[in-house]
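Step one of this worksheet: look at the structure below.
For this chain, numbers begin at 1 and follow the sequence in order.
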Amino acid sequence: MHLAYTMHFSCHKERELMITIFVGNLPNDTQESQAEKLFSSFGEVGAVDLTLTDSTHRFQGYGFVEMDEGAARAAIAELDGSVYRGAILC
């Protein structure tokens with residue numbers, strides 16, 4: 001299992017490479033602030049987007065975290081396959 005990511009140049013910071021990390025298998029009661037806290041230990045978090053269902057607006061257990069390249073790579077290396085609140089992140 002691997003945390004997946006995409007790379008793009010951010011419009012917010014001049015020519016800084018930003019990476020959007022897909023984070024799967026988060027506990028169903030995870031809040032954006034909790035995900036931000038988890039990833040912020042590796043560097044500044046640009047954005048957190050936890051995916052909700054269209055009909056019930058409940059969290060689906062996955063989301064996306066945007067960070068600069070160095071911080072994102074460190075977070076992926078450390079968190080991929082780790083246990084977070086009883087769930088194995090992937």
Side-chain angles (χ1 to χ4, degrees):
M1 292 186 269
H2 300 283
L3 295 176
Y5 61 91
T6 59
M7 293 184 278
H8 64 277
F9 287 100
S10 173
C11 297
H12 306 291
K13 296 181 182 176
E14 186 176 318
R15 305 277 306 154
E16 183 173 333
L17 185 62
M18 300 295 286
I19 292 182
T20 301
I21 308 167
F22 169 84
V23 186
N25 204 36
L26 287 164
N28 288 336
D29 62 346
T30 302
Q31 301 291 313
E32 285 184 356
S33 61
Q34 293 170 312
E36 183 174 2
K37 183 177 179 180
L38 175 65
F39 281 84
S40 67
S41 62
F42 301 97
E44 185 177 346
V45 174
V48 175
D49 182 23
L50 300 183
T51 305
L52 306 177
T53 64
D54 289 336
S55 59
T56 64
H57 299 287
R58 291 184 183 203
F59 177 52
Q60 294 208 1
Y62 69 92
F64 302 89
V65 177
E66 182 180 274
M67 306 179 79
D68 71 65
E69 182 180 16
R73 291 188 187 281
I76 291 167
E78 183 72 25
L79 296 176
D80 187 26
S82 69
V83 177
Y84 175 67
R85 298 178 49 227
I88 298 173
L89 299 179
C90 58

### Message
So which atom in Gly43 and which in Ala71 form the shortest heavy-atom distance, rounded to 0.1 Å?
### Response
CA-CB, 3.8 Å
### Summary
Heavy atoms of Ile21 and Met67 approach each other most closely as CD1-SD, 4.1 Å
### Query
Taking all atoms of both residues into account, what is the closest heavy-atom pair of Ala35 and Val48, and its distance?
CB-CG1, 4.0 Å
### Query
Which pairs with one or both residues in residues 64-90 pass ring-ring contact (aromatic ring centres under 6.0 Å, His included), sequence neighbours excluded?
Phe22-Phe64
### Task
Flag yes if more than 12 heavy atoms outside Glu78 fall under 6.0 Å of its CD atom; otherwise flag no.
no
### Query
Is there any salt bridge (charged side-chain N to carboxylate O under 4.0 Å, His left out) pair reaching into residues 47-61, and which pairs are they, with sequence neighbours excluded?
none
### Atom pair CD/NZ of Gln31 and Lys37 - distance to nearest 0.5 Å
13.5 Å
### Summary
Sorted by chain and residue number, the salt bridge (charged side-chain N to carboxylate O under 4.0 Å, His left out) partners of Asp29 (sequence neighbours excluded) come out as Arg85
### Query
What are the two closest non-hydrogen atoms of Thr51 and Phe59, and how far apart are they?
O-CD1, 3.3 Å
### Task
Mind jotting down which residue pairs meet the salt bridge (charged side-chain N to carboxylate O under 4.0 Å, His left out) criterion with at least one end in residues 17-26? Sequence neighbours excluded, please.
none
### Query
Among all residues two or more places apart in sequence or in another chain, which pass the side chain to side chain contact (heavy atoms under 4.5 Å, CB included) test with Ala47?
Glu66
### Task
Could you tell me whether the side chain of Ser40 and the main chain of Glu44 form a donor-acceptor pair under 3.5 Å?
no
### Task
Could you tell me which residues satisfy side chain to side chain contact (heavy atoms under 4.5 Å, CB included) with Ser82, sequence neighbours excluded, listed by chain and number?
Leu79, Leu89
### Message
Measuring from atom CD1 of Ile19 to atom CZ of Arg73, what distance do you get when rounded to the nearest 0.5 angstrom?
### Response
4.5 Å
### Query
What pair of heavy atoms forms the shortest contact from Cys90 to Asn25, and how long is it?
SG-CB, 3.9 Å
### Summary
Shortest non-hydrogen pair, Ala75 vs Phe39, comes out as CB-CD2, 3.7 Å
